[in-house]
Amino acid sequence: MSLISAQPLFYPKLSRTKSPLVHTKNSQPLHPIKKIRNSPIPCSKSYLFLPNDEKLKMGLLSSGRFKSQVGASSGEAKSFDSERAPQEVFAWSSVILPFLFPALGGLLFGYDIGATSGATISLQSPELSGTNWFNLSAIELGLVVSGSLYGALLGSLIVYPISDFLGRRRELITASVFYVFGGLLTAYAPGLGVLLVGRLLYGLGIGVAMHGAPLYIAETCPSQIRGTLISLKELFIVLGILLGYFVGSYEINAVGGWRYMYGVSAPIALVMGLGMLSLPPSPRWLLLRAVQGKGPLQEYKEKAIIALQRLRGWSTGDKVSEKQIEDTIVSLKSAYTDQESEGSFLEVFRGPSLKALIIGGGLVLFQQITGQPSVLYYAGSILQTAGFSAAADATKVSVIVGIFKLLMTGIAVLKVDDLGRRPLLIGGVSGIALSLVLLSAYYKFLGGFPFVAVAALLLYVGCYQISFGPISWLMVSEIFPLRTRGKGISLAVLTNFGSNAIVTFAFSPLKELLGAENLFLLFGAIALLSLLFVIVYVPETKGLSLEEIESKVLK
């Protein structure tokens with residue numbers, strides 16, 4: 001079957017005029033495409049390097065695998081089919097380790113949340129604490145619980161000016177060092193002061209890891225699975241929470257059990273650090289340093305090619321990796337032709353970077369101020385009112401909610417690169433608003449119907465885990481321009497932990513001032529505002545490379 005006569009239904013109709021791509025008696029093809037048999041899809045690797053207009057002539061860009069739509073700032077989708085590059089061919093086995101070791105940074109963040117819930121019970125018990133300073137005041141206990149949060153705030157501030165210098169890989173190695181020493185110091189603390197220092201060090205690890213992990217994953221994975229992998233990082237956070245709850249339940253009756261709860265994090269952090277030492281730097285970060293004039297372009301280009309080959313498991317001298325690196329260099333040079341080579345301290349507040357900051361910062365802000373800590377705070381009492389006997393045990397209640405969070409996060413992971421970011425956000429945030437209104441109604445006048453409260457709680461947790469939970473961090477990791485990506489994500493992490501702290505500390509006075517029913521109603525109104533924000537400002541980035549997001553979505 002000839003190329004001209006082959007016109008499957010999903011191909012555009014081809015012209016009957018002679019095509020320069022077809023062998024004729026007296027002509028040669030302009031591109032080195034091998035003979036095409038019955039399949040309309042060319043098998044030659046040289047197809048990958050054809051210009052897009054030639055691919056259109058061949059009827060290939062209309063195939064579903066080369067389609068994507070991107071929402072404009074108003075929420076209107078725009079098609080870039082004719083400008084899309086072909087998606088990268090990769091083996092799943094080659095992306096496991098470059099994802100797994102950074103994702104352990106998220107698991108250790110979640111583990112701290114889960115372990116602390118059991119550790120505070122153990123630490124305050126006269127029989128089980130194993131200390132003579134177990135009688136903690138409310139302020140001292142608050143410092144123990146929130147010590148890692150303050151460390152995370154400090155870590156995100158520290159990493160802001162030095163992230164581009166350190167690079168993603170060294171950031172994660174640094175985070176693992178903080179995790180190891182913070183976990184060990186907390187576990188062996190002889191007094192409250194040392195315990196608080198350990199909590200602060202561990203929090204520094206959280207702040208640095210939550211900055212470096214999404215960066216490294218986003219910059220090293222193929223674009224068509226970027227959403228899946230970064231959402232999986234959120235799944236690892238939930239797994240960490242569950243692991244913390246499980247260790248807490250197991251050690252809750254041991255004398256000094258809180259030491260084991262915190263100490264388990266150290267070997268996991270050691271594995272993370274050793275794993276990152278075995279991985280190469282991010283190729284995109286290497287090329288960024290070259291464009292910034294931090295070293296010879298050819299040297300950084302060769303390092304980037306080697307890094308990409310190691311990440312994909314390709315052999316040395318592979319031409320596909322060289323082509324990808326060349327294309328990325330051209331893209332970076334084109335983007336920064338008339339700009340300073342390195343983003344300034346304030347550039348993140350201007351132009352495309354400001355637009356990205358509004359989108360990413362807005363998502364992580366609404367992620368916290370729609371009441372996530374407060375709703376989970378009420379989880380135990382809500383389940384108790386429904387008659388669940390297991391709710392009498394706080395650790396078992398936490399495991400129930402945690403397992404449900406895990407299941408819903410799994411759904412988001414499976415669907416984020418299929419459905420896209422916007423549909424999951426819009427559907428999930430709508431559910432969050434509805435669940436908060438139902439919780440308010442339960443505390444106001446539906447107290448006799450406990451199933452309403454249980455349904456509202458599970459609806460909230462489920463909708464959060466398919467929307468704000470994973471997708472906020474996914475959007476943050478991919479929306480910023482490369483030159484300001486490090487600084488932009490630092491500000492997003494700072495916004496996230498800062499708003500978390502505000503909500504956590506404002507909850508009690510607001511509850512006393514407004515009452516639970518009105519507080520949940522307030523959170524519901526904020527959720528509706530966040531839904532409007534998503535519809536108006538958040539674009540669709542499914543399937544786009546990081547360079548395409550910068551050139552087509554932000555400009």
Side-chain angles (χ1 to χ4, degrees), residues 101 104-156 158 171-210 236-237 239-277 394-395 398 497:
F101 293 125
L104 288 179
L107 184 140
L108 287 165
F109 172 36
Y111 180 81
D112 183 69
I113 297 172
T116 297
S117 66
T120 52
I121 298 173
S122 172
L123 187 60
Q124 295 179 93
S125 170
E127 298 83 14
L128 300 176
S129 70
T131 69
N132 57 6
W133 41 275
F134 58 84
N135 190 20
L136 301 178
S137 67
I139 293 177
E140 290 171 337
L141 181 61
L143 288 174
V144 171
V145 173
S146 61
S148 61
L149 179 61
Y150 289 119
L153 280 168
L154 182 59
S156 59
I158 292 173
E171 271 189 67
L172 290 167
I173 293 172
T174 303
S176 69
V177 172
F178 282 133
Y179 274 141
V180 168
F181 283 100
L184 290 177
L185 194 61
T186 303
Y188 293 100
L192 180 62
V194 177
L195 174 64
L196 293 178
V197 171
R199 298 290 290 143
L200 187 70
L201 281 176
Y202 194 94
L204 286 172
I206 293 174
V208 177
M210 293 304 289
F236 267 61
I237 294 176
L239 280 172
I241 294 173
L242 279 176
L243 179 61
Y245 288 152
F246 174 77
V247 174
S249 298
Y250 186 77
E251 296 289 347
I252 193 66
N253 294 318
V255 176
W258 61 272
R259 298 185 185 275
Y260 298 104
M261 296 176 199
Y262 283 128
V264 166
S265 62
I268 301 174
L270 184 61
V271 171
M272 172 189 167
L274 293 175
M276 289 310 304
L277 282 170
T395 57
S398 300
F497 286 118

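These numbers come from the heavy atoms of this one structure, side chains and all, not from hydrogens, waters or symmetry mates.
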Partner residues of [X] under the ring-ring contact (aromatic ring centres under 6.0 Å, His included) criterion, sequence neighbours left out:
X: Phe178; answer: none
X: Phe101; answer: none
X: Tyr262; answer: none

Return the minimal non-hydrogen interatomic distance between [X] and [Y], and the atom names on each side.
X: Leu204; Y: Gly155; answer: CD2-N, 3.6 Å
X: Gly183; Y: Ser265; answer: CA-OG, 3.7 Å
X: Gly182; Y: Thr186; answer: O-OG1, 2.7 Å
X: Ala175; Y: Gly205; answer: CB-O, 3.6 Å
X: Ser122; Y: Trp258; answer: OG-N, 3.2 Å
X: Tyr179; Y: Leu108; answer: CD1-CD1, 3.4 Å

[X]: partners by side chain to side chain contact (heavy atoms under 4.5 Å, CB included), with sequence neighbours left out:
X: Leu192; value: Trp133, Leu136, Glu140, Val144, Leu195, Leu196
X: Val247; value: Tyr111, Leu243, Glu251, Met261, Val264
X: Tyr188; value: Leu184

Show every salt bridge (charged side-chain N to carboxylate O under 4.0 Å, His left out) that has at least one partner inside [range], sequence neighbours left out.
range: residues 190-210; value: Asp112-Arg199
range: residues 254-264; value: none
range: residues 260-277; value: none

Is the CZ atom of Phe134 crowded by more than 12 outside heavy atoms at less than 6.0 Å?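 Enclosed: over 12 neighbouring heavy atoms sit under 6.0 Å from CZ of Phe134.
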[atom2] on [Y] to [atom1] on [X], rounded to 0.5 Å:
X: Ile113; Y: Phe109; atom1: CD1; atom2: CZ; value: 4.0 Å
X: Ile158; Y: Leu153; atom1: CD1; atom2: CG; value: 11.0 Å
X: Leu141; Y: Ser146; atom1: CG; atom2: OG; value: 9.0 Å
X: Asn135; Y: Leu123; atom1: CG; atom2: CG; value: 11.0 Å
X: Leu201; Y: Ile206; atom1: CG; atom2: CD1; value: 11.5 Å
X: Glu127; Y: Asn253; atom1: CD; atom2: CG; value: 11.0 Å

Do the side chain of Ser176 and the main chain of Ile173 share a donor and acceptor less than 3.5 angstrom apart?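 Between the backbone of Ile173 and the side chain of Ser176 there is a qualifying donor-acceptor contact (under 3.5 Å).
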What pairs with Thr120 under side chain to side chain donor-acceptor pair (under 3.5 Å), at least two apart in sequence or on another chain?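 Applying side chain to side chain donor-acceptor pair (under 3.5 Å) to Thr120 gives none.
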Take Leu200 and Val197, measure what side chain to side chain contact (heavy atoms under 4.5 Å, CB included) needs, and give me the verdict at the end. CA-CA 5 Å; Leu200 187 70; Val197 171; 5.6 Å; no
